[in-house]
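Quick notes on the structure that follows.
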Amino acid sequence: MGAQLKDEFINYCIECLPEYVSNLSKTYLLPITPVKLETPINFSGNPQGGGGDRPDGSRQGEEGTGEKPQGPPPGGSEGDEKRGPSQRGVAFNGVAFDAPAPLHIILKGYTIPPIDDAGGHINLDSGYHYHAATGKTKEEAQNDHHAPMIGYAMDSHGLYGQLNEDGKEPDDLDDCRGHYDEVRGYHYHVDAAGNNNIINCFSGATASK
Ligand SMILES: [Zn+2]
Ligand SMILES: [Zn+2]
């Protein structure tokens with residue numbers, strides 16, 4: 001069970017070039033109006049978040065390729081039904097902030113998938129996607145020294161940079177990394193670049209699982 005690394009990829013820097021996925025198109029569904037839930041949607045019981053990365057380089061549906069990014073896990077419980085999409089959000093350029101990269105598989109195989117300055121890289125299932133927000137994508141500056149808006153979470157609540165202009169992370173973030181203010185309503189502050197994480201759960205309903 002779970003994704004396995006094929007022997008030929010162990011001990012390699014795994015390069016996936018843009019031209020490998022030049023004809024890939026992704027459509028993300030977001031609610032028109034965010035709907036806050038009483039209970040947040042946890043991504044998965046798996047600490048790696050059930051992400052879209054499969055470092056064996058195989059294509060979805062191919063024999064023996066392990067995890068399917070958005071399918072229900074074997075023996076899934078009711079809780080798994082509510083875990084939401086594997087993407088955490090979308091940047092203004094349409095590129096997804098994805099689930100954490102599966103470090104347990106990557107490290108076990110001594111492989112390094114290169115991540116660019118924008119916190120992104122490519123795989124065959126997801127195409128180009130981000131694992132971090134590094135300030136290289138379009139940002140909507142705020143007038144009140146609040147962190148800039150960088151996109152939308154998949155529950156349509158706003159995604160903002162980790163730090164406000166004073167260089168500090170808000171101290172009232174909830175378990176999902178969200179909080180409320182009068183200007184923006186409920187919104188998230190993304191995790192620090194390097195933590196292999198964007199947000200921790202969805203406080204609102206998502207349009208797709
Ligand atoms: Zn990835
Ligand atoms: Zn805030």
Side-chain angles (χ1 to χ4, degrees), residues 3 5 9 13-18 20-21 24 26 34 36 43 48-60 66-70 85-91 95-107 109 111-134 139-153 157-200 203-204:
L5 203 62
F9 294 112
C13 175
I14 300 176
E15 184 181 42
C16 184
L17 298 173
Y20 296 178
V21 286
L24 185 75
K26 290 273 179 183
K36 195 130 184 288
F43 296 132
Q48 301 303 332
D53 273 329
R54 291 187 307 177
D56 64 0
S58 61
R59 288 182 185 279
Q60 189 170 341
E67 288 179 317
K68 189 179 171 187
Q70 293 181 37
S86 73
Q87 294 82 23
R88 292 358 185 186
V90 186
V95 174
F97 291 107
D98 217 332
L103 294 184
H104 59 304
I105 300 169
I106 292 166
L107 296 175
T111 58
I112 300 174
I115 302 280
D116 65 22
D117 287 352
H121 75 146
I122 295 165
N123 72 26
L124 296 179
D125 284 330
S126 304
Y128 183 75
H129 59 279
Y130 299 123
H131 287 293
T134 62
E139 297 188 332
E140 285 285 344
Q142 307 292 295
N143 295 325
D144 54 357
H145 308 294
H146 186 276
M149 188 174 184
I150 61 169
Y152 288 93
H157 288 119
L159 272 183
Y160 291 78
Q162 182 203 3
L163 306 174
N164 290 325
E165 268 180 27
D166 62 3
K168 292 182 180 147
E169 184 176 292
D171 56 13
D172 60 346
L173 296 181
D174 61 23
D175 290 344
C176 295
R177 299 193 56 81
H179 73 162
Y180 177 91
D181 70 35
E182 292 291 332
V183 178
R184 286 153 287 266
Y186 184 84
H187 62 278
Y188 301 104
H189 287 252
V190 296
D191 208 343
N195 282 358
N196 189 29
N197 186 49
I198 303 296
I199 56 174
N200 299 332
S203 296

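Both ligands and their constituent atoms are indexed starting at 1 by order of listing. Starting from 1, each residue takes its place in the sequence as its number.
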| Would you call Tyr130 and Ile150 a side-chain contact if the rule is heavy atoms closer than 4.5 Å? |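 They are not in side-chain contact.
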| query | Would you find more than 12 non-hydrogen atoms of other residues, nucleotides or ligands less than 6.0 Å from Tyr152 atom OH? | reply |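 Atom OH in Tyr152 is not packed in, count stays at 12 or less.
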| task | Please find the N/O/S atom of His179 nearest to the Zn ion (ligand 2) and write down its name. | result |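 Going through the N, O and S atoms of His179 one by one, NE2 ends up nearest to the Zn ion (ligand 2).
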| request: Specify which N/O/S atom of His189 comes nearest to the Zn ion (ligand 2), by atom name. | output: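 His189's closest N, O or S atom to the Zn ion (ligand 2) is named NE2.
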| field | Arg177: which of Glu169, His189, Gln162, His187 passes side chain to side chain donor-acceptor pair (under 3.5 Å) | value |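 Running side chain to side chain donor-acceptor pair (under 3.5 Å) over Glu169, His189, Gln162, His187 with Arg177 returns exactly one hit, Glu169.
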| Aromatic ring proximity Tyr180/Tyr186, centre distance under 6.0 Å |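 Not under 6.0 Å, so no.
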| query | If you look at His131, which of its N/O/S atoms is nearest to the Zn ion (ligand 1)? | reply |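 Considering only N, O and S atoms, His131 comes nearest to the Zn ion (ligand 1) through NE2.
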| query | How wide is the angle at the Zn ion (ligand 1) between NE2 in His121 and NE2 in His129, to the nearest 10°? | reply |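 The NE2/NE2 angle about the Zn ion (ligand 1) sits at 100°.
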